[in-house]
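Single-structure report; data block below.
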Amino acid sequence: MTTTTTAPTPVPDDPRLKDTWLRRQLITLAIGFVVVAALPLLLGEQAQTVAVRTLIFAVMAVAWNIMSGFGGMFSFGHAAFFGIGAYTGAYLLVEHGISPWISMVVAAIISAVVGTLIAYLCLRYRLAGSYFALATFAFAQMFLLLVQNLEVFNKTEGFNVPILPRDSWWMLQFEKGSPNYVWIPLVILALAVLGTIFYTRSRAGQFVQATRDDETAAASLGIDTMKYRLIAVAASCALTAVAGVYYTQYYFFVGPEQAFGSAVSVEAIVPAVIGGIGTIWGPVIGAAVIGPLSELINELLRNPPAFLEFLQGTIGLDVAAYSVILIAIVIFLPKGIFGTIRERWNR
């Protein structure tokens with residue numbers, strides 16, 4: 001009589017399974033980086049502008065996802081940290097001639113400190129869920145009002161970045177249409193995704209996800225829930241500030257609404273929600289869909305085909321169309337594009 005044995009099913013803690021997962025993520029990142037890096041050589045000037053804006057959206061979404069997706073602390077005030085980065089970069093450059101590269105480091109530190117302090121106060125007084133989101137929104141609005149009324153930040157006029165007569169890597173200024181404007185945020189995004197991949201595998205990433213899923217159970221196992229949540233907040237805020245510095249440098253201007261307006265927070269949230277909250281690639285895929293889609297809708301309504309000419313000039317129609325499309329995506333893909341596809345693939 002012969003007996004048959006069945007190979008054990010690998011479990012998430014199996015090192016071989018983890019190594020396979022890591023290898024797959026890194027290969028995906030490398031392929032995606034190469035493909036996107038080639039785009040500036042093929043795109044026109046207008047399309048390149050859309051690409052840069054999409055990459056900035058993606059960096060913001062990845063940053064937001066670290067705090068709100070993996071950390072479970074829904075933020076509706078990421079404009080505060082984006083604005084800190086944008087204004088820090090503009091102020092240091094315009095008033096003191098300091099390179100944006102240095103400003104990115106300074107802004108990241110300031111934003112991480114401010115974000116950690118805000119999160120600590122919220123968590124210390126047990127603000128969670130919608131209350132935490134409202135608290136972050138309130139702080140973002142407070143920063144908006146402060147900037148609008150402080151002379152040191154030029155109040156409502158904002159900052160205009162001086163344009164140099166020559167290319168300068170040190171000052172992040174190049175000839176109009178230069179592919180460098182795409183490659184720089186692409187490198188920032190790649191590093192952000194790479195950091196997220198290793199973060200989710202790290203002790204800090206595993207602990208913060210455990211806290212997100214069940215704070216009481218995590219605390220009973222000896223996890224310092226406050227500590228690991230604040231680590232996620234600091235990383236998220238620092239990365240968002242870097243995106244803010246680059247935004248100012250690319251558009252050569254920043255004002256209160258461009259930096260701290262509520263629309264900025266929405267631009268960080270929507271790609272992550274559309275792509276898939278709490279996933280590695282969801283925010284990137286969401287930004288890749290939302291960036292070109294919003295531009296396509298705007299262009300279609302500015303220059304509609306003959307059968308839609310009656311729509312031309314209608315105020316707010318682009319926002320309405322954009323909203324309807326987003327609502328449809330949320331209804332039919334409740335876990336986001338990437339999250340839903342992954343779930344169905346696993347089935």
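All residue numbers refer to positions in the sequence shown, counting from 1.
- For the residue pair Ala107 and Ala241, the shortest heavy atom distance occurs at O-CB, 3.6 Å.
- With Asn154 contributing its side chain and Glu157 its backbone, the two residues share no donor-acceptor pair below 3.5 Å.
- In this structure, Tyr250 and Tyr246 have parallel ring planes: the angle between them is below the 30° cut-off, well short of the 60° mark.
- Using a 4.5 Å heavy-atom threshold, the side chains of Ser103 and Leu93 count as separate.
- No side-chain heavy atom of Thr225 sits under 4.5 Å from any side-chain heavy atom of Leu123.
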| message | Between Val113 and Leu117, is the side-chain contact (heavy atoms from CB on, under 4.5 Å) condition met? List the steps. | response | CA-CA 6 Å; Val113 171; Leu117 178 60; 5.6 Å; no
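- With values rounded to the nearest 0.5 angstrom, Gln25 atom CD is found 6.5 Å from Trp281 atom CH2.
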Show me the side-chain donor-acceptor pairs of residues 138-152 shorter than 3.5 Å, one per line, residues at least two apart or across chains.
residue, atom, partner, partner atom, Å
Asn149, ND2, Leu145, O, 2.7

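- Using a 4.5 Å heavy-atom cutoff, the side chains of Val161 and Tyr251 are not in contact.
- Counting all heavy atoms, side chain and backbone alike, Gln46 lies closest to Glu295 at NE2-OE2, 3.6 Å.
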| Derivation of the side-chain contact (heavy atoms from CB on, under 4.5 Å) call for Ile280 and Phe338 | CA-CA 9 Å; Ile280 299 291; Phe338 179 77; 5.8 Å; no
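- Distance check, rounded to the nearest 0.5 Å: CG of Asp167 to CG of Leu172 gives 11.5 Å.
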| said: Between Arg212 and Gln209, does the side-chain contact (heavy atoms from CB on, under 4.5 Å) criterion hold? Intermediate values first, please. | reply: CA-CA 5 Å; Arg212 174 200 63 190; Gln209 290 177 76; 4.0 Å; yes
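- For the pair Thr200 (side chain) and Ile197 (backbone), a donor-acceptor distance under 3.5 Å is present.
- Considering only heavy atoms from C-beta on, Arg201 comes within 4.5 Å of Trp21 through its side chain.
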| field | Steps toward side-chain contact (heavy atoms from CB on, under 4.5 Å) verdict (Gln249, Ile184) | value | CA-CA 11 Å; Gln249 202 57 38; Ile184 292 172; over 6 Å; no
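- With rounding to the nearest 0.5 angstrom, the OG1 atom of Thr211 is 9.0 Å from the CE atom of Met73.
- At distances below 3.5 Å, at least one donor-acceptor pair connects side-chain atoms of Ser202 with backbone N or O atoms of Gly205.
- Summarising the geometry of Ala90 relative to Thr248, their closest heavy-atom pair is CB-CG2, 3.7 Å, with the distance given to 0.1 Å.
- Using a distance-only test at 3.5 Å, with no hydrogens or angles considered, no donor-acceptor pair links the side chain of Thr240 to the main chain of Phe81.
- Of all the heavy atoms in Pro334 and Thr340, the pair that sits closest is N-OG1, 4.1 Å.
- In this structure, Ile118 CD1 and Cys237 SG are separated by 7.5 Å, a value rounded to the nearest 0.5 Å.
- In this structure, the separation between OG1 on Thr136 and CG on Leu127 is 10.0 Å, given to the nearest 0.5 Å.
- Ring geometry for Tyr87 against Phe159 counts as perpendicular: the plane angle is over 60°, on a 0 to 90° scale with 30° as the lower cut.
- Pairing each heavy atom of Ala259 with each of Phe82, the nearest pair is O-CD2, 3.6 Å.
- Note on Met226: it does not cluster hydrophobically with Phe207, by side-chain heavy-atom contacts below 4.5 Å among ILVMFWY residues.
- Between Arg203 and Tyr228, some side-chain heavy-atom pair lies under the 4.5 Å cut-off.
- Between Glu267 and Arg53, at least one side-chain nitrogen of the basic residue sits less than 4.0 Å from a carboxylate oxygen of the acidic one, meeting the salt-bridge criterion.
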Donor-acceptor pairs under 3.5 Å, side chain of residues 57-66 to any protein atom, not counting sequence neighbours: which ones?
residue, atom, partner, partner atom, Å
Trp64, NE1, Ser68, OG, 3.4
Trp64, NE1, Ser75, O, 2.8
Asn65, OD1, Gly278, N, 2.8
Asn65, ND2, Thr279, O, 2.9

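- Without hydrogens or angle criteria, Gln258 side chain to Val254 main chain gives no donor-acceptor distance under 3.5 Å.
- Criterion: ILVMFWY side-chain heavy atoms under 4.5 Å apart, direct or through other members. Under it, Phe174 and Ile163 are part of a common hydrophobic cluster.
- Phe260 is not listed as a side-chain neighbour of Val264, based on a closest heavy-atom distance of 4.5 Å or more.
- When the shell of 6.0 Å around CD of Glu175 is examined, it contains 12 or fewer heavy atoms from other residues, nucleotides or ligands.
- Using a 4.5 Å heavy-atom cutoff, the side chains of Ile337 and Ile274 are in contact.
- Side-chain heavy atoms closer than 4.5 Å link hydrophobic residues (I, L, V, M, F, W, Y) into clusters, and following such links, possibly through other members, connects Leu239 to Val187.
- With rounding to the nearest 0.5 angstrom, the CE atom of Met104 is 14.0 Å from the CD1 atom of Ile109.
- A side-chain donor-acceptor contact under 3.5 Å links Trp101 to the backbone of Trp169.
- Contact detail for His78 and Ser236: the closest heavy-atom pair is NE2-OG, 2.8 Å.
- The same ILVMFWY cluster, assembled from side-chain heavy atoms under 4.5 Å apart, contains both Phe252 and Ile56.
- Note on Ile231: it does not cluster hydrophobically with Phe132, by side-chain heavy-atom contacts below 4.5 Å among ILVMFWY residues.
- Remark: the backbone N or O of Ser168 is not paired with any side-chain donor or acceptor of Gln173 at under 3.5 angstrom.
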